[in-house]
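Here is the structure we will look at, set down as C-alpha cells.
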Amino acid sequence: GYVIDRATLLDDGRILVMGGDSGLRWAGVYDLKTSETKKITPPKAWWPSVAKLTDGRVMFVGGVNDWKLRLCPEYGCVSSPAVKTVEIFE
C-alpha cells in the first residue's frame, strides 16, 4: 500500500485520499459503503495544500515538484521550488 498524507471528506460521504511513496504519486476516492478505492489522476505537485470549497469541490494549491524533499535528510535535503498550480477535483 501507499502512504496516505491527505484525506478530505466529500459531501456524498466518500473520502478523497492522496499520498505517495518512493517517487510515485497517487490519489483515489474511497467509498465507505463498498470499502473500495477508485484510483483517480493525482494532482501535478507533491504535497499540495488541500481545501474543500463551499460548493463541495476540492481545491489543490501549490506543492513542490520533487518527492525527495519530503524525505530529508535521507536523500540529502534537496531544494525543490514551489509549484504555482491550482487544481480542482469535482
### Task
Considering non-hydrogen atoms only, spot the tightest contact between Val17 and Ala7 and give its length.
CG1-CB, 4.2 Å
### Asp31/Lys33 salt bridge by N-O under 4.0 Å criterion
no
### Task
Test Phe60 against every option in Val50, Ile88, Thr8 by the side chain to side chain contact (heavy atoms under 4.5 Å, CB included) rule and name the one that passes.
Val50
### Query
Any side-chain heavy-atom pair from Trp26 and Ile40 closer than 4.5 angstrom?
no
### Message
Test your reading of the model: is there a side-chain donor-acceptor pair from Glu36 to the backbone of Tyr30, 3.5 Å cut-off?
### Response
no
### Message
Are Pro43 and Met18 packed together at the side-chain level, in the sense that at least one heavy-atom pair is separated by less than 4.5 angstrom?
### Response
yes
#### Entry: Test side-chain contact (heavy atoms from CB on, under 4.5 Å) applied to Asp11 and Lys52, step by step
CA-CA 10 Å; Asp11 287 347; Lys52 185 174 172 188; 2.6 Å; yes
### Task
Report the distance from atom CD1 of Ile15 to atom CG of Leu10, rounding to the nearest 0.5 Å.
8.0 Å
### Task
For residues Gly63 and Ala45, report the shortest heavy-atom separation together with the two atoms involved.
CA-CB, 4.0 Å
#### Entry: Side-chain heavy-atom pair Val61, Glu87 within 4.5 angstrom cut-off
no
### Message
Is it the case that the side chain of Arg6 and the backbone of Ser49 share a donor-acceptor pair, with hydrogens and angles ignored and the cut-off at 3.5 Å?
### Response
no
#### Entry: Separation of Ile4 CD1 from Thr37 OG1 (nearest 0.5 Å)
7.5 Å
